**Q** 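Take a look at the following structure, please.
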Amino acid sequence: MSENVKAFINPKSGSIRITGTVDFVDADGNITSTVENPKFCGCGLSKEKPFCDGSHKEKTQIS
Ligand code: FES
C-alpha cells in the first residue's frame with residue numbers, strides 16, 4: 001500500500017513542491033529516476049527545468 005504524496009503550489013512564485021517519493025517515467029512507463037520531495041518550476045524562469053532552481057526569487061523578489 002502506497003502513501004499519497006502531497007503537492008503545494010505556491011501562489012506567489014508558482015513553484016510546485018511535492019512531499020514524498022516521485023518516480024519519473026518515460027513515454028513507455030519505465031522509471032527513469034526517483035526523486036524525494038521534488039520542487040518544480042511553475043514560473044518558467046528556472047535554468048534546470050522542470051525543477052525550481054530559485055530563479056523566481058531573483059526575477060520576482062518573492063519566495
Ligand atoms: S518557480 Fe520557477 S524558478 Fe522557482
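For clarity, every value in this text was computed on a predicted model and none was experimentally measured. Indexing begins at 1, ligand by ligand and atom by atom, following the structure's order.
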**Q** V22 and F8: same hydrophobic cluster, using ILVMFWY side-chain contacts below 4.5 Å?
**A**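 Each belongs to a different hydrophobic cluster.
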
**Q** So, using side-chain hydrogen bond (donor to acceptor under 3.5 Å, both in side chains) as the criterion, who are the partners of T19 when residues are at least two apart?
**A**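 side-chain hydrogen bond (donor to acceptor under 3.5 Å, both in side chains) list for T19, sorted by chain: empty.
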
**Q** Does P38 reach the side chain of F51, with side-chain heavy atoms less than 4.5 Å apart?
**A**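 SC-SC contact between P38 and F51 confirmed.
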
**Q** Side-chain heavy atoms nearer than 4.5 Å, only ILVMFWY residues, links allowed to pass through others: does that put I18 and V35 together?
**A**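 Yes.
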
**Q** Which protein N, O or S atoms does atom 4 (Fe) of ligand 1 have within a distance shorter than 2.8 Å?
**A**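 As for protein N, O or S atoms lying under 2.8 Å from atom 4 (Fe) of ligand 1, they are C52 SG, H56 ND1.
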
**Q** Applying the 4.5 Å side-chain criterion to the ILVMFWY set and letting contacts propagate, would V5 and V25 be lumped into a single cluster?
**A**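 No: no chain of side-chain contacts under 4.5 Å links V5 to V25.
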
**Q** For a 4.5 angstrom cut-off between non-hydrogen side-chain atoms, does K47 reach S55?
**A**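 A side-chain contact exists here, since the closest heavy-atom pair is under 4.5 Å.
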
